[in-house]
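Every chain is numbered from 1, with letters handed out A, B, ... down the list of sequences. These values consider heavy atoms only, across backbone and side chains, with no hydrogens, waters or symmetry-generated copies.
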Amino acid sequence: MHFQLAWRNIWRNPKRTVVIMTAIIIGVWSMIFLGALMRGISDGMVRNGIATLTGHIQVHHKGYRNDPVVENSMIDPEVVKTAMERVLPAGAQWASRVRVNAVANNARHTAGVTFVGIDPAREARISFIGKAVTEGRYLRDDDKYGIVAGKALVDKFETKLGRKIIMMSQDTDREIASRAFRIVGIFEAEMQSTEKQFIFVTKTAAQHMLKLENGISEISIILPDQEGVKQVADNLRAAVPSADYEVQTWRELLPLITAYLAIYDGFMYIWFIVVFIAMGFGIVNTTLMAVFERIREFGLFKALGMKPRWIIKEVLAESFFILLIGTAIGNVLSFLSVFALSGNGIDLSALASGLEFAGMSRIIYPAIYSHDVIVANLVVFILGLLVSVYPAVKAARFTPVEALTHT
Amino acid sequence: MSIDIKMAWRNIWRNPRRSILTISAIAFASVLLVFMLSWQFGSYDTMINSAVKIHTGHLQVQARGYNDKKSIRLVVSDPAAVGNVLDDTPEVAAHTCRATAFSLVSSSERTYGVMVVGIDPVREAGVSTLKKMIRQGSYLSEDDTDQALVGELLARNLKVGLGDELVVLGQGRDGSVAATVVKVKGIYRSGMDEFDRSSINIPLKNFQDVYAMRGAVHEVVALGKSLEYVPEIKKAVAAGIEDIGNEGHLVVLDWMELMPGLIEAIQMDLYSGFIFYLILIVVVAFSILNTFLMAIFERTREFGVLLAIGTTPGRLSKLLLIESTIMTIAGIVVGIIAGSLVTGYFQVHGIVISGTSELMRQFGLPERMYPQLSMLSASIGPAAVLVITFLTALYPALKVRRLRPVEAMAGI
Amino acid sequence: MNIVECADVKKTYQQGKIVVTALGGVSLSIEKGGFVALAGPSGSGKTTMLNIIGGLDSADSGRVTVNGSTLGKMNQSELASLRLHNIGFVFQAYNLIPVLSALENVEFVMLLQGVPPAERRERAKNILDDVGLEDTYNRRPAEMSGGQQQRVAVARAIVSDPAIVLADEPTANLDSKTGQGLLEMMKEMNEKKKVTFIFSTHDKMVMDYARRLVLIRDGLVAGDEIR
């Protein structure tokens with residue numbers, strides 16, 4: 001009965017109802033759509049961070065994180081491998097690497113780089129490098145002197161495929177080991193800084209050069225499901241001798257991205273509230289108008305013996321319908337906008353250096369998180385009904401006499 | 001006061017509750033925009049200033065191509081002549097020379113590849129904040145030779161402290177081996193990890209000897225009196241170096257060209273901010289559109305009488321527009337005042353967003369942020385609100401032109 | 001000389017799905033300086049007649065001339081200008097602009113005509129004094145009685161010396177004594193200022209004041225007598 005009456009009442013002045021619904025629709029759309037864009041940006045950062053050799057979980061020798069040198073290598077990776085076999089869920093992928101700071105030079109140029117020895121097949125399954133080679137070829141197990149370098153580095157070094165690069169780094173004897181490699185592949189990455197930073201050889205070549213024997217610097221793990229990362233990391237931490245090994249999740253390994261995520265979260269909820277306040281004024285005002293126009297009617301209801309509570313319910317039911325339709329359409333529109341953009345994403349390559357500076361991906365794929373959608377809708381709904389209480393109470397307070405004499 | 005304004009004013013107060021809600025919505029948007037834009041502009045200023053002071057200065061004179069390749073061979077061979085040009089440019093506040101070479105730096109335990117930067121200790125202090133960033137030991141003095149300043153993270157990586165020796169091994173300008181031993185005199189920290197782990201600073205004279213620079217440098221770095229003077233200085237300096245027989249060898253680059261990422265990131269932040277603000281204003285506009293529409297619905301009869309006694313439809317539109325504009329202006333004025341007060345408060349006391357200090361540091365921002373209220377930041381947002389609200393009010397104002405007196409008076 | 005000439009004026013309305021004939025071909029001439037009542041029961045077409053003469057509404061066919069101008073071909077702003085300069089209106093109710101005082105309501109018309117402020121004020125005061133409202137210059141409509149409001153409306157209608165004043169049931173919302181007072185005043189103005197008054201009514205008492213009584217019934221002129 002409330003609902004039927006309320007439904008008819010909101011269409012007594014269709015234009016007014018449509019206007020306030022439009023405010024709600026734009027508001028809800030902006031909450032969900034811009035939220036999805038922000039999620040898209042932060043997802044891109046996380047995805048990129050994880051793919052750029054971080055993985056979901058990393059295992060290092062104790063101390064490596066603060067002092068990433070060959071001395072802090074895992075001499076006997078078998079211990080970790082056994083532990084991983086026990087605790088990693090089915091479908092998890094991992095790869096071990098040698099990873100040290102090194103100096104790359106050719107006849108004309110010198111630069112500091114991160115020198116990474118990889119197991120080509122395993123590495124391809126967990127990080128970006130497997131698909132990133134755009135010129136030449138990816139590493140093969142038997143590449144003793146083959147090296148894959150980033151495009152930006154190759155350009156800076158004024159060199160090309162087939163040319164030599166000399167790598168220098170401290171070996172386990174604390175001597176400067178140096179070895180000449182030949183560029184077999186050139187990779188391109190999301191960020192120029194990645195192209196300049198990383199240089200890849202096979203794990204055996206790196207171990208040989210640095211006199212590491214079977215030693216490795218890190219093990220990077222990708223799980224089939226990102227949600228379980230913390231649990232798996234805890235299990236793994238318990239399974240390896242804690243005196244010798246450190247196990248960390250990407251959140252710990254990428255503190256800046258984690259900080260970004262927190263800021264984005266905060267910003268998004270502030271945005272929800274701000275948009276709500278903007279439309280809240282409209283909701284209150286429109287409901288007040290609707291109520292004051294019908295003072296006589298409410299007076300009549302009261303004269304007929306209606307309880308004030310009934311009138312409050314009536315008015316709230318009207319807001320309920322307006323909110324319901326507004327949020328429903330807002331949701332649909334935002335889903336459609338996200339859907340339309342999710343195929344190709346939003347290409348921001350024109351601002352490449354700015355993106356690089358801010359650590360963002362070039363293409364943003366908006367991502368709808370059910371959690372955000374629920375929060376946005378709840379904010380609009382609950383607060384929307386809450387602010388409608390004021391006009392509703394106002395309506396309930398009209399006394400029959402003053403209501404009937406009102407012109 | 002014209003009768004139109006008088007009528008509009010009285011009409012607004014016929015329904016004070018509604019008008020106040022409408023004015024509040026406008027004021028809310030204005031407050032938010034004043035604060036947010038002041039915040040954004042303030043943080044950009046801080047970012048630019050700290051980046052300029054730590055990295056590039058306002059502008060640099062370099063050999064053509066040096067900025068991309070950082071090759072030791074691309075030099076400014078007569079820095080004194082360029083220095084004279086800068087001295088002759090009145091808007092230049094300070095300038096210095098730097099030379100840079102990538103080298104291997106070894107302590108007794110560790111070796112890292114880093115940038116070795118030769119600085120003029122006295123002049124550098126006027127251009128960059130390096131001197132103020134010293135956390136341990138002391139800054140270089142004028143006659144130091146084999147002393148070095150090391151970034152905090154690099155010192156940690158190299159496992160060195162004050163007084164420890166570092167072996168520097170690189171390649172000179174002429175391709176010869178450049179090697180020297182320096183002592184750690186000071187350890188600095190900028191807060192930007194990348195900067196703090198990637199370079200050491202040694203006196204320029206020593207650098208020039210070790211790297212066989214033959215008196216040349218890589219960058220002549222200038223700081224203007226303020227950011228606004230940069231274009232002017234750039235023009236003057238570009239002309240100046242032509243006069244000393246540059247012939248296209250040297251280029252003048254301003255901070256935007258030296259750090260394209262910074263300015264683009266700022267633009268990006270600004271644009272994305274504008275998208276959010278625009279949507280917010282549109283939501284507010286629809287929120288208050290009903291008030292403007294109701295003004296017609298409720299007063300149709302009155303408009304009928306006005307039309308009947310000979311008021312033109314145009315005048316009715318004008319009346320309605322004056323009404324909505326008065327409300328908008330009231331909202332904006334309240335918004336600007338309240339927004340300025342809020343911004344002013346935080347401009348004095350600063351704001352700390354918990355958990356962000358690490359991130360802020362990487363962009364050269366302090367943990368405690370201070371929004372920067374300016375004419376611009378206080379007016380852009382409210383101006384946008386005014387324009388969009390006015391456009392919103394046009395709809396009912398033009399709609400009223402379609403009223404015909406007889407129907408209007410019979411209406412409601 | 002006739003101030004209003006109507007020839008075979010017809011007007012129909014769409015009311016829901018039914019077509020209602022409001023005027024079925026009215027021909028009527030009204031002389032300058034007249035004090036004319038259009039009388040008839042409600043729905044007879046007298047309000048429509050007034051609206052058409054006032055240019056508030058347009059006839060479907062026929063010819064209407066007011067003060068020498070033919071209304072049929074005029075657009076909205078020409079009509080507005082005609083009303084502003086040649087016609088004054090008094091309505092049954094809701095006559096005045098609620099946010100303006102009595103004085104301002106009267107001034108408003110002159111303001112639209114571009115009369116200078118000082119003159120405006122002077123004339124407004126004079127006319128309010130003429131209609132017996134010398135004490136209510138600054139009251140707003142909500143603070144005045146119905147009779148006072150109608151007096152202000154009459155003052156506003158005649159202040160700019162229009163050719164005709166059209167009054168649609170001016171006394172309908174007033175008690176009979178106040179109504180008589182208003183009519184006395186209107187008649188006085190008619191005689192003193194030579195303004196033509198045309199008013200509609202269905203009240204016998206009001207008809208008695210008219211010097212010419214035009215009876216309208218079912219959209220046609222059913223009688224026309226000069227008293």
Side-chain angles (χ1 to χ4, degrees), chain A residues 13 15-16 19-20 22-24 26-27 29-30 34 37 66-69 101-105 108-113 156 158 168-170 174 176 255-256 259-260 262-263 266 271 274-275 277-286 288-289 292-293 348 351-358 360, chain B residues 15 17-18 21-22 24-25 28-29 32 68-71 73 101-104 106 109-115 156-157 159 170-171 198 259-269 275-276 279-291 293-294 297-298 353 355-356 358-359 362-363:
Chain A
N13 192 333
K15 185 170 287 158
R16 181 168 64 204
V19 165
I20 190 63
T22 310
I24 297 173
I26 298 174
W29 171 83
S30 76
L34 294 181
L37 279 187
N66 282 328
D67 192 12
V69 292
N101 288 308
V103 173
N105 26 159
R108 301 165 69 91
H109 297 274
T110 313
V113 295
K156 189 184 162 202
E158 298 171 286
M168 291 158 64
S169 186
Q170 214 172 6
R174 293 197 184 167
I176 300 291
L256 292 187
Y260 259 126
I263 291 180
W271 173 245
V274 164
V275 173
I277 294 174
M279 57 198 199
F281 283 109
I283 295 174
V284 174
N285 230 351
T286 307
L288 271 177
M289 287 176 205
F292 273 90
E293 259 175 19
L348 296 178
L351 291 163
S353 5
L355 294 165
E356 176 120 21
F357 186 88
M360 284 164 54
Chain B
N15 196 329
R17 185 177 3 235
R18 185 201 298 158
L21 276 169
T22 303
S24 307
F28 166 75
L32 207 74
D68 295 326
K69 294 181 184 145
K70 296 284 186 293
S71 162
R73 291 181 195 83
F102 184 83
S103 305
L104 279 180
S106 313
E109 294 190 60
R110 298 281 185 266
T111 297
Y112 278 91
V114 300
M115 296 308 289
R156 200 198 302 162
N157 284 343
K159 301 199 163 189
Q171 203 175 29
S198 61
M259 299 179 287
L262 177 65
I263 190 76
E264 273 188 21
I266 287 174
Q267 282 168 352
M268 231 160 49
D269 190 70
I275 293 175
F276 280 91
I279 291 176
L280 175 70
I281 300 175
V282 170
V283 172
V284 169
F286 273 97
S287 248
I288 59 181
L289 175 57
N290 264 344
T291 314
L293 277 176
M294 278 315 283
F297 292 148
E298 280 179 353
I353 305 176
T356 59
E358 180 68 20
L359 190 62
Q362 304 311 318
F363 294 102

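When side chains are defined from C-beta on, B:Lys69 counts as touching A:Glu158, because their heavy atoms get closer than 4.5 Å. Put simply, the side chain of A:Leu37 does not reach to within 4.5 Å of the side chain of B:Ile275, judged on heavy atoms. The closest side-chain heavy-atom distance from B:Met268 to A:Met360 is below 4.5 Å. Within the 4.5 Å cutoff, the side chain of B:Tyr112 has heavy atoms near those of the A:Val69 side chain. Between B:Arg18 and A:Phe292 there is no side-chain heavy-atom pair separated by less than 4.5 Å. For the pair B:Phe102 and A:Asn105, the minimum side-chain heavy-atom distance is 4.5 Å or more. Using a 4.5 Å cut-off on side-chain heavy atoms (C-beta onward), B:Thr111 and A:Met168 make no contact.
Pairing each heavy atom of B:Gln267 with each of A:Leu351, the nearest pair is OE1-CD2, 4.3 Å. Here the closest non-hydrogen pair linking B:Val284 and A:Ala278 is CG2-CB, 3.5 Å. Heavy atoms only, all atoms of each residue included: A:Ser30 and B:Ile279 are closest at CB-CG2, 3.2 Å. Smallest separation of non-hydrogen atoms from B:Arg110 and A:Asp67: NH2-OD2, 2.5 Å. The two residues B:Ser287 and A:Met279 make their nearest non-hydrogen contact at OG-CA, 3.1 Å. Of all heavy-atom pairs spanning B:Phe286 and A:Val19, the tightest one is O-CG1, 3.5 Å.
No other option in A:Glu293, A:Glu356, A:Met289 has as many heavy-atom pairs under 4.5 Å with chain B as A:Met289. Ranked by heavy-atom pairs under 4.5 Å with chain A, the first of B:Gly170, B:Gly113, B:Ala25 is B:Ala25. Between chain B and the residues A:Ala262, A:Ala352, A:Gly112, A:Ala111, the most heavy-atom pairs under 4.5 angstrom are made by A:Ala111. Counting heavy-atom pairs under 4.5 Å between each of A:Val275, A:Val284, A:Leu355, A:Ile24 and chain B puts A:Leu355 at the top. With chain A as the partner, the residue from B:Ile281, B:Asn15, B:Asp68, B:Leu262 showing the most heavy-atom pairs under 4.5 Å is B:Leu262. The choice from B:Asn290, B:Val282, B:Ile266, B:Val283 that makes the most heavy-atom pairs within less than 4.5 Å of chain A is B:Asn290. When the candidates B:Leu280, B:Ile288, B:Leu289 are compared by the number of heavy-atom contacts under 4.5 Å with chain A, B:Leu280 comes out ahead.
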>> For a side chain to side chain donor-acceptor pair (under 3.5 Å) check, start with the C-alpha distance between A:Asn285 and B:Thr22, then their side-chain angles and the critical distance, and finish with the verdict.
In response: CA-CA 8 Å; A:Asn285 230 351; B:Thr22 303; 3.2 Å; yes
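At a 4.5 Å heavy-atom cutoff, the contact between A:Ile20 and chain B is made by backbone and side-chain atoms alike. The part of B:Arg73 that comes within reach of chain A is its side chain, from C-beta onward, which places non-hydrogen atoms under 4.5 angstrom from that chain. With a threshold of 4.5 angstrom between heavy atoms, B:Leu293 approaches chain A through side-chain atoms but not through N, CA, C or O. Within the 4.5 angstrom heavy-atom criterion, only side-chain atoms of B:Leu104, from C-beta onward, approach chain A. For A:Leu256, the parts lying near chain B are the backbone and the side chain together; criterion is any non-hydrogen pair under 4.5 Å.
Taking the six-membered ring where tryptophan is involved, the planes of A:Trp271 and B:Phe276 are perpendicular, since the angle between them exceeds 60° and thus also 30°.
One N or O on the side chain of A:Gln170 and one on the backbone of B:Glu109 form a donor-acceptor pair closer than 3.5 Å.
For A:Arg174, the CZ atom is densely surrounded, since the number of other residues' heavy atoms within 6.0 Å is greater than 12.
Put simply, CG on A:Asn13 and CE on B:Met294 are 6.5 Å apart, with the number rounded to the nearest 0.5 Å.
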